[in-house]
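Note that the coordinates shown come from a computational prediction; the quantities given were computed from them, not determined experimentally.
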Amino acid sequence: MGGDIQGRLAPQKEDERQRLAEAGIDVGRKLGLADLASGEDHTFAATSITQGDFLRGMRYTPTGAITHSLVIRSRSGTWRVIESHHRWEKLMQISSVLYR
């Protein structure tokens with residue numbers, strides 16, 4: 001799809017750092033696309049919280065919220081922008097989280 005990504009691992013606890021060392025992974029090494037997502041068939045998904053160039057930020061309504069997501073499949077080159085409407089009343093029926 002023509003994109004790129006780079007990152008570094010950031011273990012939060014000593015046991016995480018130890019497991020990475022045991023696996024022979026250098027925590028300080030910069031990881032590239034091939035390290036993070038090898039292969040030919042990838043799916044990427046992102047949901048925006050704040051306003052950005054690709055997606056609108058989350059908007060609150062009197063009864064819930066509206067979010068925008070982007071889903072891309074590398075193999076087919078298909079991309080979708082999804083607008084989702086979340087209703088607090090329905091969410092609270094299936095979740096222990098109090099939405100307001």
Side-chain angles (χ1 to χ4, degrees):
M1 304 269 323
D4 191 29
I5 188 170
Q6 297 176 354
R8 293 186 198 276
L9 297 175
Q12 301 299 298
K13 299 177 182 174
E14 186 54 39
D15 67 316
E16 293 173 348
R17 185 177 303 281
Q18 185 176 359
R19 283 185 294 167
L20 290 167
E22 289 170 1
I25 298 171
D26 178 6
V27 176
R29 184 173 152 258
K30 180 171 62 173
L31 303 172
L33 181 60
D35 300 308
L36 298 167
S38 62
E40 298 296 322
D41 192 8
H42 303 95
T43 300
F44 171 83
T47 299
S48 180
I49 301 299
T50 58
Q51 184 72 26
D53 292 336
F54 292 117
L55 297 169
R56 295 180 69 177
M58 179 193 272
R59 292 179 297 158
Y60 290 100
T61 68
T63 59
I66 300 170
T67 58
H68 292 88
S69 301
L70 172 67
V71 180
I72 302 171
R73 183 174 183 208
S74 66
R75 186 178 219 176
S76 64
T78 303
W79 58 274
R80 297 169 180 85
V81 177
I82 302 166
E83 180 177 281
S84 301
H85 295 254
H86 308 273
R87 292 176 45 206
W88 300 148
E89 178 185 326
K90 296 288 269 183
L91 288 169
M92 285 190 288
Q93 291 174 8
I94 61 171
S95 173
S96 60
V97 175
L98 181 62
Y99 293 92
R100 292 203 190 223

Do side-chain atoms of Arg8 reach the backbone of Gly28 as a donor and acceptor pair under 3.5 angstrom?
yes
Which heavy atom in Thr61 sits nearest to a heavy atom in Ala65, and how many Å separate them?
OG1-N, 3.9 Å
Go through the side-chain N and O atoms of Thr47 and His68 and say whether any donor and acceptor fall under 3.5 Å apart.
no
Determine the minimum heavy-atom distance between Pro11 and Val27, stating which atoms define it.
CD-CG1, 3.6 Å
Report yes or no: does Gln6 contribute a side-chain atom to a donor-acceptor pair with the main-chain N or O of Leu31 at less than 3.5 Å?
no
Start with the C-alpha distance between Lys30 and Asp35, add both sets of side-chain angles, then the distance that settles salt bridge (Lys or Arg N to Asp or Glu O under 4.0 Å), and finish with yes or no.
CA-CA 9 Å; Lys30 180 171 62 173; Asp35 300 308; over 6 Å; no
Would a 4.5 Å heavy-atom cut-off, applied to side chains only, mark Leu9 and Glu16 as touching?
no
Atom pair CD/CH2 of Gln93 and Trp88 - distance to nearest 0.5 Å
14.5 Å
Heavy-atom check, side chain of Thr78 versus side chain of Arg80, under 4.5 Å
yes
Side chain to side chain contact (heavy atoms under 4.5 Å, CB included) assessment of Glu83 paired with Ile66:
CA-CA 7 Å; Glu83 180 177 281; Ile66 300 170; 3.7 Å; yes
Please report the interatomic distance CD1(Ile49) to CE(Met58), rounded to the nearest 0.5 Å.
4.5 Å
List the steps and the verdict of side chain to side chain contact (heavy atoms under 4.5 Å, CB included) for Phe44 and Val71.
CA-CA 6 Å; Phe44 171 83; Val71 180; over 6 Å; no
Hydrophobic clustering (ILVMFWY, side-chain heavy atoms < 4.5 Å, transitive) - are Ile5 and Ile25 grouped together?
yes
Could you tell me whether the side chain of Gln12 and the main chain of Ala10 form a donor-acceptor pair under 3.5 Å?
yes
Atom pair CG (Leu20) and CD (Glu22), whose distance is rounded to the nearest 0.5 Å
9.5 Å
Shortest non-hydrogen contact from Val97 to Met92?
O-CG, 3.9 Å
Closest heavy-atom contact between Gly57 and Ser48?
CA-OG, 3.7 Å
I'd like to know if Ile72 and Phe54 are part of one continuous hydrophobic network [Ile/Leu/Val/Met/Phe/Trp/Tyr, side-chain heavy atoms within less than 4.5 Å].
yes
Exam field: side chain Ser74 to backbone His42, donor-acceptor pair closer than 3.5 Å
yes
Quick one, Gln51 with Arg56, criterion side chain to side chain contact (heavy atoms under 4.5 Å, CB included). Give me CA distance, side-chain angles, the key distance, then yes/no.
CA-CA 5 Å; Gln51 184 72 26; Arg56 295 180 69 177; 4.0 Å; yes
